[in-house]
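Report on the following structure.
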There are 2 protein chains.
Amino acid sequence: MDGTREAPFSAEEFEARRQRVRELAVAEGLDALLVADPANIYYLTGYDAWSFYTPQLLFVPVDGDLRFFAREMDANGAHRTITQVPGDRIFGYPETYIHQVDVHPGDWIAESLRELGYGGALRVGYEGDAAFFTVRTYRSLVDGLPSWNLVESHNLVNWARLIKSDAEIAYMRQAGRICEIAMNTAFAGLRPGRPQNQVAADVMAAQARGEGDVDGDYASIVPMFPTGAGADTPHLTWADTPTPRGLPISVELAGAHRRYHAPLARTAIIGSPQPDLERLAGVTDEALEAALEVVREGSTSDDVARAFTAVLDRNGYSKNSRLGYSIGVGYPPDWGERTVSIREGDTTVLHTNMTFHLIAGMWLTGMGYEVSESIRVTPTGCETFSSIPHGLIRLDSGR
Amino acid sequence: MDGTREAPFSAEEFEARRQRVRELAVAEGLDALLVADPANIYYLTGYDAWSFYTPQLLFVPVDGDLRFFAREMDANGAHRTITQVPGDRIFGYPETYIHQVDVHPGDWIAESLRELGYGGALRVGYEGDAAFFTVRTYRSLVDGLPSWNLVESHNLVNWARLIKSDAEIAYMRQAGRICEIAMNTAFAGLRPGRPQNQVAADVMAAQARGEGDVDGDYASIVPMFPTGAGADTPHLTWADTPTPRGLPISVELAGAHRRYHAPLARTAIIGSPQPDLERLAGVTDEALEAALEVVREGSTSDDVARAFTAVLDRNGYSKNSRLGYSIGVGYPPDWGERTVSIREGDTTVLHTNMTFHLIAGMWLTGMGYEVSESIRVTPTGCETFSSIPHGLIRLDSGR
């Protein structure tokens, strides 16, 4: 009972990932990468802990060993999940660097890298849009490694994650099954007058419980329930708002297993929908299905988005926001990979084992409807990770 | 049913907060602040949504109106919670700025600020250690507002949050009550062989459910269960690890209400503890109680830490990490305020209605013990937000 976890992937798979990332880095003319996004650190090393609220960095030279820097208390036990970095390459900065005005963990990391012989004129890529690579860390590195040329790596590791291995797909299928259970739990919990937070309680439990041997992991976004006119606030979190009758309630949530996510959105209603909602739902479902028809190896993101938009256009609707995004490993605050967006103008060619969340969120004045699928691209089409019918989910009006 | 929320605080309270923040900014010689930390945005405006995974910024000039910048889909409905910024001062950047290589929301925000007349030679404070103020946003502002002198604000708004109002304390008491229920739920759920994720499911549900009229909000950190020798990995999240007999299981979780948090840690055991664990528990409890004895208006953070350390020293133990930190509003990934640390050398004088999480986490080789209290400083001592006895929690060995 020492907390040591079985590695989520084989050593060979991890090594292949690092190889691919190093090749991409070399192609960009980089000598090394600084990786701060917890999803990228997990992808390359297996490290998995809620320690990203203090600075942590994985240093990936194109030649040479990985080094991992974290707060001392986290570095001490990191070996229990970081299966791919030996203990003597894990460095813990002292507690005295936490939340101080005059010193910062980034100073300590810069000094350590100098001591390790990495203080020279290197071209080093950093993750400019990673949530947990703060400006103070960045500036500490700029000041502490003055010979470095620090350049934006433009999500290089995220891009390396785009095509999944079979082992990753297996986790996403399990996440999809958990997602299905969580969605059905939400439907069962929506009863007129019942506060949203009670429904959220049911969902959060179902997400963590999982099913049988498949343990649920925490989802990197909490379940959300955009409702009625308030559906134009898609990222409003729950409150004690009572479940209404006769208004659309969108449910957006994910199943997660070993940090892999399968998100899903459906829209439910108790009682009878207004005709304009029924029409919106019908058109949106048709548009999503048209988009799914186009998904296959060799199609482009743009093709998929256009198939969706064509159905909306024909019916007099429009959607400003993108139709989808790449998914896989997720940590708060997001389960998207921040690489491919499914939208017009994105010319990414789809390959087998790319995985996306296609989400048709239609937020009109006074009403909203959402329907989505988490999918895997296949040679001839796509596989959906969950199995919940499309269409407005009519909950028993006798509730 | 339009999702509009009752403001969490009176307009007067919000106005007083902004006044205080502006005074602090003036004292620092700043013309304006850029606020990105969702806890700070909520504190100043009431805005509350899971939208922080794309860039958002609150611009606070020392003279003049607040402006809020967010993704268009979030800006549209922001008025449902942002009670303190009129709709015409909320700006949504277009969807085309999301996840692109060549443009960034920060560019759009910089241009908007120039158009609003803020392009001149201003001294503007930014939050260098805020998780969601990314390096790309920072660099967009540096490039797009070349006349600005951008300076680190060193958590200025976080510091303004240090002393709570009575209304905030009322929320924290409710969070403390939810915390108590969640902790007792964890104890009830710990049965030999039961996987951690099942216990987590019970806890997550209890946290969201709350009690009676008091709805639970999502906690900004998931519950954690450092166990046995693995307790030296304090931020390991749950897996399907079975609940053991005879080993200490620490439970660290929070209750949350309207984004205010009351965290708590306790250590439970099923069956009989080893004598060295009993001794560690006894000393740690005594040390925490000695520290709590010293808490009152006028004591310093250093005094409290020394009272704790004295007991450890006398008994041959030591603790590297700080004893506690300021708490209040929290968003993922943290429920701490990143201001005062309760540790030796921190000379902050305690005032009534400061609130802290004092956490005695003792992680020794092969074993760990944690006990904590979330507290409010009072003129003569302290109030604890939850009521759970100290000491190793002996769960029925007949389970």
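Residue numbering restarts at 1 for every chain, and letters A, B, ... go by the order of the sequence lines. These numbers come from the heavy atoms of this one structure, side chains and all, not from hydrogens, waters or symmetry mates.
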Counting heavy-atom pairs under 4.5 Å with chain B, which one of [options] comes out on top?
{"options": "V340(A), T339(A), T237(A)", "value": "T237(A)"}
{"options": "Q207(A), R139(A), R258(A)", "value": "R139(A)"}
{"options": "P332(A), S341(A), A200(A), A239(A)", "value": "A239(A)"}
{"options": "P55(A), G77(A), G336(A), P333(A)", "value": "P333(A)"}
{"options": "P94(A), S321(A), G361(A)", "value": "S321(A)"}
{"options": "D48(A), D213(A), N76(A), V101(A)", "value": "V101(A)"}

So how far is it from [X] [atom1] to [Y] [atom2], rounded to the nearest 0.5 Å?
{"X": "Y218(A)", "Y": "M224(B)", "atom1": "OH", "atom2": "CE", "result": "8.5 Å"}
{"X": "W50(B)", "Y": "D334(A)", "atom1": "CH2", "atom2": "CG", "result": "9.5 Å"}
{"X": "M204(B)", "Y": "R209(A)", "atom1": "CE", "atom2": "CZ", "result": "12.0 Å"}
{"X": "D240(A)", "Y": "E6(B)", "atom1": "CG", "atom2": "CD", "result": "9.0 Å"}
{"X": "D346(B)", "Y": "Q100(A)", "atom1": "CG", "atom2": "CD", "result": "8.0 Å"}
{"X": "Y138(A)", "Y": "R136(B)", "atom1": "OH", "atom2": "CZ", "result": "12.5 Å"}

Check: Y325(A) and H99(B) side chains under 4.5 Å, non-hydrogen atoms: no
Is there side-chain contact between R5(B) and T241(A), with heavy atoms separated by less than 4.5 Å? yes
Chain A contact via [X] - which portion, at a heavy-atom distance below 4.5 Å:
{"X": "S220(B)", "result": "backbone"}
{"X": "D74(B)", "result": "side chain"}
{"X": "A130(B)", "result": "backbone"}

Which one of G345(B), A75(B), G210(B), A205(B) has the most heavy-atom pairs closer than 4.5 Å to chain A? A205(B)
Region of [X] in contact with chain B, defined by heavy-atom distances below 4.5 Å:
{"X": "Q196(A)", "result": "side chain"}
{"X": "Y331(A)", "result": "neither"}
{"X": "R343(A)", "result": "side chain"}
{"X": "W363(A)", "result": "side chain"}
{"X": "E72(A)", "result": "side chain"}

Identify the two heavy atoms, one from W238(A) and one from G216(B), that lie closest to each other, and give their separation to 0.1 Å. NE1-O, 2.8 Å
Closest non-hydrogen atoms of T81(B) and L236(A), given as atom of the first, atom of the second and distance, are CG2-CD1, 3.3 Å
Are a donor atom and an acceptor atom from the side chains of R71(B) and H235(A) found within less than 3.5 Å of each other? no
Could you work out, with ring-ring contact (aromatic ring centres under 6.0 Å, His included) as the rule, every residue matching F225(B), not counting sequence neighbours? none
